[in-house]
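Counting starts at 1 for both ligands and their atoms, in listed order.
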Amino acid sequence: MRFDPKTEAVLDRASAACGARGAQLTPLRRTVLGLVQQSPTPIGAYALLDQLKGDRGAAAPPTVYRALDFLLAQRLVHRLEKLNAFVACHVHECGSDHDHAAQFLICDRCGAVTELEEPAITRAVEAAAGRAGFHATRATIEVEGTCARCAP
Ligand SMILES: [Zn+2]
Ligand SMILES: [Zn+2]
């Protein structure tokens, strides 16, 4: 599947970043990442399966789940628990060696999702976890409300 040039450029960087970590962005993983990247709102596994149907016949659900697990492990996408859907990471779009604590603003009305990277929140979460003797490896904060466009 071919995407627009901007998405292809992101996918090329993601592929290089995976390669540098000894992991391989296979054609299916690349296509799944491209679909997540292109989606204007968070996309669920079944919507991904639907979009893949046109491209490569019927992709089996476990194949898509494995591709998503890979992309999560490579820090290329985030999973939003509330929506049970995936978004591309826009902070480190080519992946980074450390997981950043991600914060998402989720609009209840239009479904728009904005990713924030607010270092003060990250530091506060890490410090609080540390005081509890807890070693945090991943922190996703989902904030629900109304976006600027939908605000009355
Ligand atoms: Zn991110
Ligand atoms: Zn909205």
Treating Gln37 as the side-chain partner and Leu11 as the backbone partner, does any N or O pair qualify as donor plus acceptor under 3.5 Å?
no
For Arg123, is there an ion pair with Glu118 - N to carboxylate O distance below 4.0 angstrom?
no
Run the salt-bridge test on Asp50 and Lys53 with the 4.0 Å N-O cut-off and return the result as yes or no.
yes
If I take the Zn ion (ligand 2) as the centre, what angle separates the SG atom of Cys110 from the SG atom of Cys107? Nearest 10 degrees is fine.
110°
Round to 10° and report the angle made at the Zn ion (ligand 2) by SG of Cys147 and SG of Cys150.
100°
If you look at His78, which of its N/O/S atoms is nearest to the Zn ion (ligand 1)?
NE2
Would you name the N/O/S atom of Glu115 that lies closest to the Zn ion (ligand 1)?
OE2
By salt bridge (Lys or Arg N to Asp or Glu O under 4.0 Å), which residues pair with Arg79, not counting sequence neighbours?
Glu81
